[in-house]
Amino acid sequence: MNATTTTPVTPLTPVTLIGLGPMGHAMATALLDKGHQVTLWNRTASRADDLVARGAILAATPGEAIAANELVILSLTDYDAMYAVLEPAAAALSGRVIVNLSSDTPKKAREAAVWAAGHGAAHLTGGVLAPPHGIGKPEFSTFYSGPREAYDKHRATLEVLTGETDYRGEDAGVAALMYQLNMVIFWTSVSSYWYAVALAKANGLSATDILPYASENMTGMPEFLSFYAPRIDAGNHEGDVDRLAMGLASMEHVVDTHTDSGVDAALPSAVADLFRRGMEAGHAADSFSSIVELLGRR
């Protein structure tokens, strides 16, 4: 009889998760789905009821939750909320890895990393590029920055939350910066769609009516951005394919159409004003990409 060997199974990392808004709840669900032991804390304890029914442990206090596991994931509104929760429990932070998936500025992320280190904890900043329904799916990703050792140790667990993880280095602020860069694009793009829908409705069209055209517009953006990125990096804003003066005329027509339709024109008016500033700075014959230089650090 041949002897057989079995490969030892590495136990899954137990996780503490603090904050059970839609994102935090989705994260706890994904971790439980993969078989992780999950300890929870949330200011409104009842939000954990269904998770506890699945085997999660509800801690009575943040300190109890932090003390339960080395890996502590935060899903809070911002870093002020983090301090409100963690400062009273700071004595429990020593030896912990705090993965802060709360949204805030790069400056505050760097300050939080210093604060955590002062209490003996490692701080990994995270920026999640997924809606709650995307948590646990392989096609979504999260930026991380902070101590490489902490990231490498817990990468497999973090990949439960989003299938892709993009480590951006030791600087705690970089992941927050990358996240905010994406939010600039996301919120302003979606807001422009709301303006288009409002304009459509004022003229007897529905959101469904314009959906194919709005989708086509958005789908074409990667090619558009790919054309301009190397030119911007090279400082090339020549008006060979577009001119700011033409862009301003177009935006004024957009503003007038909104106004004539009785629709709020604040967002298109802001863009038109930005183009006028570019014109006043002498860029009328340049590409409208020259606006990048106008917006740059003064």
Side-chain angles (χ1 to χ4, degrees), residues 78 103-108 127 129-131 141 143 168 173-298:
D78 53 28
S103 173
D104 220 313
T105 67
K107 178 182 177 182
K108 287 191 175 181
L129 300 182
S141 65
F143 294 114
R168 306 299 298 185
V174 175
L177 173 62
M178 297 300 293
Y179 176 77
Q180 298 303 343
L181 288 171
N182 277 271
M183 290 303 99
V184 169
I185 297 168
F186 176 77
W187 291 120
T188 53
S189 297
V190 174
S191 295
S192 70
Y193 174 61
W194 303 150
Y195 268 82
V197 169
L199 181 59
K201 285 170 64 66
N203 288 277
L205 299 173
S206 69
T208 302
D209 288 333
I210 70 167
L211 177 60
Y213 312 102
S215 297
E216 184 178 353
N217 195 324
M218 294 290 187
T219 302
M221 282 298 171
E223 182 178 351
F224 184 83
L225 302 180
S226 295
F227 172 79
Y228 279 99
R231 291 168 66 102
I232 292 170
D233 288 343
N236 176 12
H237 301 293
E238 62 180 306
D240 57 333
V241 294
D242 71 88
R243 293 189 175 184
L244 183 59
M246 179 182 68
L248 175 58
S250 176
M251 282 309 305
E252 287 176 336
H253 300 156
V254 172
V255 171
D256 289 345
T257 302
H258 275 72
T259 302
D260 292 346
S261 301
V263 176
D264 184 283
L267 181 58
S269 293
V271 176
D273 287 344
L274 180 61
F275 285 9
R276 288 190 192 94
R277 285 171 52 198
M279 297 272 287
E280 292 167 0
H283 296 293
D286 295 335
S287 166
F288 81 145
S289 64
S290 61
I291 292 296
V292 170
E293 310 301 335
L294 186 71
L295 298 174
R297 184 179 295 178
R298 296 190 178 95

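Throughout, residue positions are numbered sequentially from 1 according to the sequence presented.
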- When rounded to the nearest 0.5 Å, the distance separating CG of D264 from OG of S269 is 8.0 Å
- Item | Minimum side-chain heavy-atom gap V263-N203 below 4.5 Å | no
- Which residue pairs pass the ring pair (Phe, Tyr, Trp, His ring centres under 6.0 Å) test when at least one of the two sits in residues 196-225, sequence neighbours left out? F224-Y228
- Classify the side-chain pair S206/D209 by whether it contains a donor and acceptor separated by less than 3.5 Å. yes
- With a 4.5 Å limit on heavy-atom distance, are the side chains of L199 and V254 in contact? no
- Task: Show the numbers, then the answer: is there a side chain to side chain contact (heavy atoms under 4.5 Å, CB included) between M279 and L244?
- Result: CA-CA 7 Å; M279 297 272 287; L244 183 59; 4.2 Å; yes
- Note on the structure: The residue among H237, E238, R243 that forms side chain to side chain contact (heavy atoms under 4.5 Å, CB included) with S290 is H237
- Item | Heavy-atom side-chain contact between M251 and R276 under 4.5 Å | no
- Item | Candidate pair L267 and W194, rule side chain to side chain contact (heavy atoms under 4.5 Å, CB included), full reasoning | CA-CA 10 Å; L267 181 58; W194 303 150; over 6 Å; no
- Looking only at non-hydrogen atoms, find the nearest pair between I232 and S289 and report the distance. CG1-CB, 4.1 Å
- Task: Among residues two or more places apart or on two chains, list those pairs meeting salt bridge (charged side-chain N to carboxylate O under 4.0 Å, His left out) that have a residue in residues 222-237.
- Result: R231-D240
- If you take all heavy atoms of S103 and Y179, which pair is closest and at what distance? OG-CE2, 3.4 Å
